[in-house]
Amino acid sequence: MTVYFNEMYNDGQVRVPYRQLEEWMNNMPAELRQMKQAQAEDLFRRIGITFAVYGEGGDPDRLIPFDMFPRVFTSAEWARLERGVKQRARALNAFLVDVYGRGEIIRAGRIPAKLVYQNAAFEKAVVGIKPSKGVYSHIVGVDLVRTGPDEFFVLEDNCRTPSGVSYMLENREIMMRMFPALFRENRIQPVDSYPDLLRRTLASVAPEKCQGEPTVVILTPGHFNSAYYEHSFLADLMGVELVEGPDLFVQGEFVYMRTTEGPKRVDVIYRRIDDAFIDPLCFRPDSMLGIPGLMDVYRSGGVSICSAPGAGVADDKAVYTFVPEMVRFYLGEEPILNNVPTWQCAKSDDLKYVLDHLAELVVKEVHGSGGYGMLVGPKSTAAQVAAFRERIIADPGNYIAQPTLALSTTPTFVEEGIAPRHVDLRPYCLVGERVELVPGGLTRVALTEGSLVVNSSQGGGVKDTWVLAE
Amino acid sequence: MLLTVQHQTRYTYSQPVRGVVQSHRLTPSKFDGQRCLNWQVSVSDGIMGGSFRDGAGDFVQGWSVQGPVSEIVVMVQGQVETSDTSGVLRGHREIVSPLCYLQWTMQTRADVALGKLAEASAKADGSLNSAHSLSAAVSEAIAYKPGATTAATTAAEALALGEGVCQDHAHALIAAARHLGMPARYVTGYLHATEDDAPHEASHAWVEIWVEGLGWVGFDPANACCPDERYIRTGSGLDARDAAPIRGTARGVGAEDLDVAVAVQLNDQ
């Protein structure tokens, strides 16, 4: 029987960060809780924060369930996470600069050449192009899980355009509106500086050709995209324009935005569009979302693109295995945060182990995301495991496997009252001239009893994440 | 050889377009086999964009034209001094790993027939001999015949047809080489017509295959030879689309008509 670490109760005692919450919890009658829950949902609807779920049909404006019970870290716990996340963000960026440059880590034999250069996410078109300040991934979302008081593991890195930060901000906003007293009784570090830090981070990587105050825009694929709300929300809070491909055009050495006062030069594009679609002249010629000629402007230093094209090779699930090696190679440090041990089905020994232990493992597609196309062995039927086995055998290189982690739980409001549910954590690390991390992140919670899958597309919810002041 | 190039591309639009953006790879490569004496590229009413040398060593120049325009002319002219390096791309500065050129594309995917052709004609040993054998096999399997194929024809289709032009020969050789694990790429440039009176396309395409110890080596399956002093190299890519000397789009609704004239002349002296 697996023992799961409960972040509130340990050995029959309430852990320090949750002391104040115990009283709050005990003093909340069921009627009040239901009223508050309804109020929260109403607020979310009014604000308009919804999340369309691909491939599930149903209501595209369905809310991600919000759980009112906060997830809490002490400042000491957070200090270690912060150092670990920043270390990882630095190493990932150093790796990107290296593999699009001389490839020292490959020459040194620390990571296989094939894994990088034959990776579908490797962009030949940006080899030799050094982005402003040497930063490829300006927002690194590191997905963490906890298995004990001091045990954290990194599940995956998101170096392209990690989404969900609007939930971190909204969850806090809503909690403060509904439970102002909680924020007087607890000394909770604020997260509302994030949009300003993001804007400053983006402005700090303006190209050298930019004179004066850089013009930053957010490039969205449009309102049909599942994260459109977040794009417009961030643009609003940052005080920058939200644009779509047709709003921008290339002329001469620069990119311009159409405005009512005529064309305005754009220096930094925070894009929420995949590489393949940003410039039909360089990548997919059928893209209607991108800006023709953008890549030539970027590569000749006329504009910065965040994340930089090609950043995706660092968050590939097969490359993930080598992130601790990157930390040692580029920073000369030992990794503060551990990787989850991972078996590469492309290797025959690993494949054999995986096939022999399928029922105990979590198996994922190398390029998959959102919790789709994965097998959670212990939670699957024999028939599901057998069917997945066939898929792995048919294309081993497409799969990796990890042990089923004993994800920590935190108290969560459920039908029957309060019960432990499994959680993960995604902090958003900003990398520009400086590396910054606001004290908080997005806690996702698997609302179904016993479930270890926290993805919103698989019925996960979200919580406010607190970091207490000293 | 001292070669003079004149290359004109005229785009005519049935209805005026609001603007045009292009990305050019029209400048001779820098390597031991060629030296550029003078070179000029111009675009009618064009605004010069940023330029840079990319990781594969190609010189890229952006252009834009503000509309409304009904016609655009891209003019390339210049002189290049060439010498024979037996097809070896010596002295070319590039940092893209050869492994990047193992990736398949729609037009260079090896079907069963291409795989068989590759396996029947060469060993998967990455040697110069194998590269020569592959190139010879492709020359033999696809006869030169203009008009038999289009720009969208794939390597597999061209082989099945048994006919094609330099683009088809190049795609087929790339597919066969990659099938045997040899990095291969599409190369564009110019070719000086030879004295044999056979028709030649002055805008030309051929292949480079990575040979361990030698580096990139050129093969021209369309002419059953290796590029020599008659060739001027300008750029490379995974396939014809990736290596295109001119990529562009026009903002407009009408049809686009294309007219190309290329002349490569030998200067006596």
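Every chain is numbered from 1 and lettered A, B, ... according to where its sequence line falls, protein lines coming before strand lines. Worth saying up front: this structure is predicted, and the values here are computed from it rather than measured.
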Is it the case that more than 12 heavy atoms not belonging to [X] sit under 6.0 Å from its [atom1] atom?
{"X": "Gln66(B)", "atom1": "CD", "value": "no"}
{"X": "Met75(B)", "atom1": "CE", "value": "yes"}
{"X": "Arg328(A)", "atom1": "CZ", "value": "yes"}
{"X": "Glu157(B)", "atom1": "CD", "value": "yes"}

Donor-acceptor contact below 3.5 Å, side chain Ser64(B) vs main chain Gly252(A):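 The answer is yes, because a donor-acceptor pair under 3.5 Å joins these two groups.
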Spacing of OG belonging to Ser300(A) relative to CD belonging to Gln61(B), to within rounding of 0.5 Å: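 Those atoms lie 8.5 Å apart.
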Pick whichever of Gly62(B), Cys100(B), Gly55(B) has the most heavy-atom pairs under 4.5 Å with chain A.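 Highest number of pairs under 4.5 Å: Cys100(B).
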Looking only at heavy atoms and a cut-off of under 4.5 Å, which of Arg241(B), Arg53(B), Met48(B), Glu94(B) has the most pairs with chain A?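 Of the candidates given, the most pairs with chain A belong to Arg241(B).
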Please classify the contact of Phe254(A) with chain B as side chain, backbone, both or neither, using a heavy-atom distance under 4.5 Å.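 Neither the backbone nor the side chain of Phe254(A) comes within 4.5 Å of chain B.
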Heavy-atom cut-off 4.5 Å, strictly under: side chain, backbone, both or neither for Tyr298(A) against chain B?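 The answer is neither part of Tyr298(A).
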Do any of residues 123-135 of chain A come closer than 4.5 Å to chain B, heavy atom to heavy atom, and if so which ones, in number order?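 Within residues 123-135 of chain A, near chain B: Lys124(A), Val127(A), Gly128(A), Ile129(A).
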Of the backbone (N, CA, C, O) and the side chain (C-beta and beyond), which part of Leu102(B) lies under 4.5 Å from a heavy atom of chain A, both, or neither?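 When you check distances to chain A, only side chain atoms of Leu102(B) fall under 4.5 Å.
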Val60(B) versus chain A, heavy atoms under 4.5 Å apart: side chain, backbone, both or neither?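 Only the side chain of Val60(B) comes within 4.5 Å of chain A.
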Residue pair [X] / [Y]: nearest heavy atoms and the distance that separates them:
{"X": "Val21(B)", "Y": "Leu281(A)", "value": "O-CD1, 3.9 Å"}
{"X": "Leu99(B)", "Y": "Lys114(A)", "value": "CD1-N, 3.9 Å"}
{"X": "Thr249(B)", "Y": "Pro292(A)", "value": "OG1-CB, 3.3 Å"}
{"X": "Ser23(B)", "Y": "Asp296(A)", "value": "OG-OD2, 2.6 Å"}

Would Gln251(A) and Ile47(B) count as a side-chain contact (heavy atoms from CB on, under 4.5 Å) here? Give the steps. CA-CA 7 Å; Gln251(A) 189 167 305; Ile47(B) 304 166; 3.7 Å; yes
Can you check whether Phe122(A) reaches Gln103(B) side chain to side chain, under 4.5 Å on heavy atoms?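 A side-chain contact is absent here, since even the closest heavy-atom pair is not under 4.5 Å.
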